[in-house]
Amino acid sequence: VQRRDDGPRRARLEEAVIIDLPATTTATITKKLVQLRNEVGAMALGRVLTLVVVVGDEDADDAIEVATEASRLHPCRIIVIVTGTKRGSNRIDEQIRLGGDAGASEVVVLRLFGQLAGHGQSVVTPLLLPDSPVVAWWPRAAPDDLREDPIAAMATRRITDSAECGRPLAMLGRRAATYAPGDTDLAWTRVTLWRGLLAAALDGPPYEPVIGAAVAGAPESPSTDLLAAWLAWALKVPVTREKTPTGSGICGVRLQRPSGVIDLARPGDFVATMSQPGQPDRRISLRRRGDAECLADELRRLDADETYADVLRKGLPALGATKGATRAPTVSESKRAAERLRRNRAAQLATMVSAARQP
């Protein structure tokens, strides 16, 4: 046990409490959680859900860090199932983390060995918070069919990340074929800001219909495919999906209207340029979203994401069938537009400073 006992009980919540229980049982873990609750206060009463994380040993630390960061907005009990080798005797090595880096949650790390490695649901069930929703998250590889997974069956929401598989587009196809209400994908969550900006651009004049669209992004980016599929489903127009260099993520979107084009292009990781007919070009904050921020977004809602379901089942097939003529803004075009806006802004500031200095 690593703990500092000096100070009042309330202050203890800010200190790190790490308890290791090697070769333990679920009954022992439950008793220890009750004991800790009596010692440091009713810590579980403020938890709004149980987050079950299924991950391999090599990725466990990163997943725990992301989950605890997301839990600062949604206090929960985090149960991390770390699947070890199935050879050898059955064993549970457990660790409890409270306070400090655990944020607003309590973290229970279960390392399963032997036959227990294939029966995580049996180990998790006694540790779930009573009368609260269960959310399951697979930070890396996830089951091909969540309907057949025991841990997915106990969860209200099931969060995967198709960007972490070897063939993201094929994984999106499997997700569409096996979708059930409550399924979602962090690759979909990452396009939320893009969707909001594009919807806002179409809400203003000249209120013309979109007749074509194009989305450019890295070939391994499922978020690019989902954004293009969303446009194909929502606008009912041909959408071209263009490929940019590996690792570039989503680079740009072009919406074709009779009066001209709307371009939303992001040459880097933080700032995008918005170009519309009859309006000056603008620089807009459009950063790449981290996993913790996206996970926190998904923990806000426990109902089915019907838009995601429609994009999977209707938008992706429509995207595959379209051969639009609209071309997305290239990376070089985006960089030139960003540089032009930067120079214009610098010139405006210089003019303002010069005018302020004049008597």
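Please read all numbers here as calculations on a predicted model, not as lab measurements. The first residue in the sequence is number 1, and the count goes up from there.
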Undergrad: Between Arg158 (side chain) and Pro181 (backbone), is there a donor-acceptor pair under 3.5 Å?
TA: yes

Undergrad: Donor-acceptor pair, Ser248 side chain versus Pro245 backbone, under 3.5 Å?
TA: yes

Undergrad: Below 4.5 Å, heavy atoms only, C-beta onward: do Leu202 and Ile262 meet side chain to side chain?
TA: yes

Undergrad: Could you tell me whether the side chain of Val261 reaches within less than 4.5 Å of the side chain of Arg257, counting heavy atoms only?
TA: no

Undergrad: Any side-chain heavy atom of Asn90 sitting closer than 4.5 Å to one from Phe113?
TA: no

Undergrad: Run the numbers on Glu242 and Val215 for side chain to side chain contact (heavy atoms under 4.5 Å, CB included), then give the verdict.
TA: CA-CA 6 Å; Glu242 299 179 3; Val215 181; over 6 Å; no

Undergrad: As an exercise, state the distance from CG of Leu226 to OH of Tyr308, rounded to the nearest 0.5 Å.
TA: 6.5 Å

Undergrad: Side chains of Ser275 and Asp281 only: does a donor on one sit below 3.5 Å from an acceptor on the other?
TA: yes

Undergrad: Main chain of Arg283, side chain of Thr273: is a donor-acceptor contact present, judged purely on distance under 3.5 Å?
TA: no

Undergrad: Distance only, no hydrogens: is a donor on one side chain within 3.5 Å (strictly under) of an acceptor on the other, for Asp310 and Trp230?
TA: no

Undergrad: Please answer: with hydrophobic residues joined when any side-chain heavy atoms are less than 4.5 Å apart, are Leu299 and Leu302 in the same cluster?
TA: yes

Undergrad: Using the rule that two of Ile, Leu, Val, Met, Phe, Trp, Tyr join whenever any of their side-chain heavy atoms come within less than 4.5 Å, decide whether Met171 and Trp138 are in one cluster.
TA: no

Undergrad: Once you round to the nearest 0.5 Å, how far does SG of Cys76 lie from CD1 of Ile79?
TA: 10.0 Å

Undergrad: Dump the intermediate steps for side chain to side chain contact (heavy atoms under 4.5 Å, CB included) on Glu106 and Leu129, then the final yes or no.
TA: CA-CA 11 Å; Glu106 51 191 7; Leu129 290 177; 4.3 Å; yes

Undergrad: Cut-off 3.5 Å, side chains only: do Asp185 and Ser162 have a donor facing an acceptor?
TA: yes

Undergrad: Please tell me if the side chains of Arg287 and Asp269 come closer than 4.5 Å, counting only heavy atoms from C-beta onward.
TA: no

Undergrad: Test side chain to side chain contact (heavy atoms under 4.5 Å, CB included) on Trp194 and Arg266 and set out the steps.
TA: CA-CA 10 Å; Trp194 286 85; Arg266 184 180 64 185; 3.8 Å; yes

Undergrad: Among Leu227, Asp225, Leu169, Leu231, find the residue that satisfies the side-chain contact (heavy atoms from CB on, under 4.5 Å) test when tested with Arg241.
TA: Asp225

Undergrad: Any link between Ile96 and Val52 through a network of hydrophobic side chains (Ile, Leu, Val, Met, Phe, Trp, Tyr) touching at under 4.5 Å?
TA: yes

Undergrad: Go through the steps for Asp93 and Arg91 under the test salt bridge (charged side-chain N to carboxylate O under 4.0 Å, His left out), then give the verdict.
TA: CA-CA 7 Å; Asp93 289 346; Arg91 189 175 88 250; 3.0 Å; yes

Undergrad: Run the side chain to side chain contact (heavy atoms under 4.5 Å, CB included) test on Val82 and Leu112 for me, step by step, so that the C-alpha distance in whole Å, both residues' side-chain angles and the decisive distance to 0.1 Å come before the verdict.
TA: CA-CA 6 Å; Val82 182; Leu112 309 182; over 6 Å; no

Undergrad: Just checking, any donor-acceptor pair under 3.5 angstrom between side chains of Arg97 and Gln95?
TA: yes

Undergrad: For atom CD of Glu65, is the number of surrounding heavy atoms from other residues, nucleotides or ligands below 6.0 Å larger than 12?
TA: no

Undergrad: Just wondering, more than 12 heavy atoms not from Gln115 lying within 6.0 Å of its CD?
TA: no

Undergrad: Could you tell me whether a side-chain N or O of Arg72 sits under 3.5 Å from a main-chain N or O of Pro75, the two making a donor and an acceptor?
TA: no

Undergrad: Taking atom types as modelled and ignoring hydrogens, do the side chains of Glu94 and Thr24 form a donor-acceptor contact shorter than 3.5 angstrom?
TA: no

Undergrad: Distance-only, no hydrogens or angles: does the Ser71 side chain make a donor-acceptor pair with backbone N or O of Thr68 under 3.5 Å?
TA: yes

Undergrad: Could you tell me whether a side-chain N or O of Arg175 sits under 3.5 Å from a main-chain N or O of Leu312, the two making a donor and an acceptor?
TA: no

Undergrad: Val108 and Ile19: same hydrophobic cluster, using ILVMFWY side-chain contacts below 4.5 Å?
TA: yes

Undergrad: Look at the side chain of His74 and the backbone N and O of Ala296, then say whether any donor-acceptor pair between them is shorter than 3.5 Å.
TA: yes

Undergrad: Do the side chains of Val253 and Leu286 join up, straight or via other hydrophobic residues, at under 4.5 Å, putting them in one cluster?
TA: yes

Undergrad: Look at the side chain of Thr26 and the backbone N and O of Pro126, then say whether any donor-acceptor pair between them is shorter than 3.5 Å.
TA: no

Undergrad: From Ile211 CD1 over to Leu235 CG, what is the distance, rounded to the nearest 0.5 angstrom?
TA: 12.0 Å

Undergrad: CG/Leu264 to CZ/Arg254 distance, rounded to the nearest 0.5 angstrom?
TA: 11.5 Å

Undergrad: Drop me the distance from Ile159's CD1 to Asp183's CG, to the nearest 0.5 angstrom.
TA: 10.5 Å

Undergrad: Got Leu146 and Tyr179 here, is their nearest side-chain heavy-atom distance under 4.5 Å?
TA: no

Undergrad: Would you say that more than 12 heavy atoms from the other residues, nucleotides or ligands in this model lie under 6.0 Å from the CZ of Arg167, or not?
TA: no

Undergrad: Distance alone, cut at 3.5 Å: any donor-acceptor contact between the side chains of Thr25 and Thr28?
TA: yes

Undergrad: With a 3.5 Å distance limit and no angle check, can you tell me whether Arg77 reaches the backbone of Leu127 through a side-chain donor-acceptor pair?
TA: yes

Undergrad: So if I apply the side-chain contact (heavy atoms from CB on, under 4.5 Å) rule between Arg140 and each of Thr160, Asp161, Val54, Asp59, which one comes out positive?
TA: Asp59

Undergrad: What's the separation between atom CZ in Arg289 and atom SG in Cys294, rounded to the nearest 0.5 Å?
TA: 4.5 Å

Undergrad: Measure from the side-chain N and O atoms of Ser221 to the backbone N and O of Gly217, and report whether any donor-acceptor pair falls under 3.5 Å.
TA: no

